[in-house]
2 protein chains.
Amino acid sequence: MSASPQSILAAARELFLEGGAERVTMRNVAERVGVTATALYRHYENREDLLRAVVSTGFEQFASYLSRSLRGKTASERLRLSGEAYLDFALDQPQMYRTIFMSVHPTGDCSPAQVRAQEQAEPTWSSTFTFLVDRVRDCMEEGSLKKAPARETGLLLWVAVHGLVSLHLVNALGEPDATFRRTYHATLARIVAGLSP
Amino acid sequence: MSASPQSILAAARELFLEGGAERVTMRNVAERVGVTATALYRHYENREDLLRAVVSTGFEQFASYLSRSLRGKTASERLRLSGEAYLDFALDQPQMYRTIFMSVHPTGDCSPAQVRAQEQAEPTWSSTFTFLVDRVRDCMEEGSLKKAPARETGLLLWVAVHGLVSLHLVNALGEPDATFRRTYHATLARIVAGLSP
DNA sequence: GTCTATAGGTGGATAGAC
DNA sequence: GTCTATCCACCTATAGAC
């Protein structure tokens, strides 16, 4: 059996999507690849290193989901598509969403693992926020949103979107995905209505 | 040394507030109480039992925070105080907030631990939601909120409040508590403005 | 009620043979 | 590159002496 970094990463990713980070143990990954645990250390320094690679793929995927929304022809269409992309990612990859947006990434200097996790996570948060603010600004220039500080409006939208998604992902709303999509759309529509001219 | 159920629970609670459930191990608790781990089994059946007791205190505390808001004299004052109580709880007991509102409690029948956790959690979610909806209905009758389906408006407010709090608790907003309080108030004010007559 | 001793489990990581 | 053998750390939980 030959184990490439790619095959190892793929196995680790599978396990992660199935059951989150805790499921990604050297032993579990090795078993799925078809080698022993020690073999993995030829390709990844340690578990933390492997886990970081897994989460990296998640960050990239999230960014690619969001960027799809730029294909919209009008500013308000692009904003709508952003909301859609955000929802799609959360429902397609709930474990990734939890890791990126629902896990603690401390501010203070802590363990090296957490410091590195934050270095990855922070750009994702701030670029998510920035992306939304840009969509909002476009809409304000286009006239489809009331003029207001774009950062405040962007935050308001992010908070609503994340609030909905994260409550759904812990089953606090008690809705299946399909029903939740309607709740999501309806709630956002009401919020956007309050921000429209 | 004598170890009462209370002293054990207190130690477990301390550890939980410091570092979440994972820190609550029989060994850690025992060390803090001043006995050996095996002694704990005289007072709690097992770790799950002890952890459940810890989380129970959190649920009760959350309920007591919320109920304080009923002292407000007008409906809109009570709604405002509810938002304040929610924020206070989240900032006072972030680990508890995470456990109650940011941890997965699966819908399907899973391990006994998760089933029991859900039995505890679900009433808390739905009673939180119901509590908010009641405040909203009061406000609508009072005329301080536009007439609309109270459940939808209540959900909208819960989503906003939880979105703000949970992003703050994972440090996604990069604000210290004091600054965040202002962001919280400002954002909610804008949302409520959109719902006012 | 609390102790010591102990069983049995999961997981990360290394040394050295092949 | 991968294996076996092994060590270490940490956890839950029980049996039986005191």
Side-chain angles (χ1 to χ4, degrees), chain A residues 1-56 95 98-99 103-104 110-117 120, chain B residues 1-56 95 98-99 103-104 110-117 120:
Chain A
M1 267 297 161
S2 74
S4 61
Q6 292 77 33
S7 65
I8 293 171
L9 180 56
R13 223 185 109 79
E14 273 179 40
L15 285 162
F16 184 93
L17 294 179
E18 285 169 28
E22 71 191 54
R23 190 103 135 227
V24 183
T25 67
M26 300 308 258
R27 286 162 151 85
N28 283 346
V29 173
E31 187 188 16
R32 193 159 296 207
V33 173
V35 293
T36 58
T38 52
L40 304 184
Y41 290 88
R42 280 284 144 192
H43 307 283
Y44 291 90
E45 272 204 354
N46 49 38
R47 181 187 181 236
E48 186 193 318
D49 190 33
L50 175 54
L51 214 42
R52 189 170 44 247
V54 169
V55 176
S56 261
Q95 290 294 353
R98 283 192 197 103
T99 303
S103 303
V104 197
C110 295
S111 75
Q114 292 173 321
V115 167
R116 254 168 276 170
Q120 281 194 319
Chain B
M1 268 297 160
S2 75
S4 61
Q6 291 77 34
S7 65
I8 294 171
L9 181 56
R13 225 185 106 79
E14 273 179 38
L15 284 162
F16 184 93
L17 294 179
E18 284 169 27
E22 70 191 54
R23 190 104 134 227
V24 183
T25 67
M26 299 310 255
R27 283 156 148 81
N28 283 347
V29 173
E31 188 188 17
R32 193 158 296 206
V33 173
V35 293
T36 58
T38 53
L40 305 184
Y41 290 88
R42 280 285 145 193
H43 307 283
Y44 291 90
E45 272 205 355
N46 49 38
R47 180 189 182 234
E48 187 193 319
D49 190 32
L50 175 53
L51 214 44
R52 188 170 45 246
V54 169
V55 176
S56 260
Q95 289 295 352
R98 281 190 199 105
T99 304
S103 301
V104 196
C110 295
S111 76
Q114 291 172 323
V115 167
R116 255 168 277 172
Q120 280 195 320

Item to check | Donor-acceptor under 3.5 Å (B:Tyr44 side chain, B:Pro5 main chain) | outcome: yes
Checklist entry - Which pair of heavy atoms, one from B:Ala12 and one from B:Val54, lies closest together, and at what distance? => result CB-CG2, 3.6 Å
Item to check | Rounded interatomic separation in angstrom, taking OH from A:Tyr44 and P from D:dG1 | outcome: 13 Å
Next on the checklist: Using a strict threshold of under 4.0 Å (side-chain N to carboxylate O), is an ion pair present between B:Glu48 and B:Arg52?
Outcome noted: yes
Checklist entry - Rounded to whole angstrom units, what separation is found between the CD atom of A:Glu31 and the P atom of C:dT10? => result 12 Å
Checklist entry - Do any N or O atoms from the side chain of A:Ser7 and from the backbone of A:Ala3 form a donor-acceptor pair under 3.5 angstrom? => result no
Taking distance alone, no hydrogens or angles, what donor-acceptor pairs closer than 3.5 Å link side-chain atoms of residues 13-23 of chain B to residues at least two apart or in another chain?
residue : atom : partner : partner atom : Å
B:Arg13 : NH1  : B:Thr57 : OG1          : 2.7
B:Arg13 : NH2  : B:Gln61 : OE1          : 3.1
B:Glu14 : OE1  : B:Arg32 : NH1          : 2.8
B:Glu18 : OE1  : B:Arg23 : NH2          : 3.3
B:Glu18 : OE1  : B:Arg32 : NH2          : 3.3
B:Glu18 : OE2  : B:Arg32 : NH1          : 2.7
B:Glu18 : OE2  : B:Arg32 : NH2          : 3.4

Checklist entry - Does D:dC11 have OP1 or OP2 sitting under 4.0 Å from an N or O in the side chain of B:Thr25? => result yes
Checklist entry - Nearest-Å distance, CD (B:Glu22) to P (D:dC10)? => result 14 Å
Checklist outcome for this item: 5' to 3', nucleotides 13-18 of chain D under a 4.0 Å protein heavy-atom cut-off (B base, S sugar-phosphate only, - none) gives BB----
Item to check | side chain to side chain contact (heavy atoms under 4.5 Å, CB included) against B:Thr38, all qualifying residues, sequence neighbours excluded | outcome: B:Thr36
Checklist entry - B:Leu40 CG to D:dC11 C1': how many Å, rounded? => result 13 Å
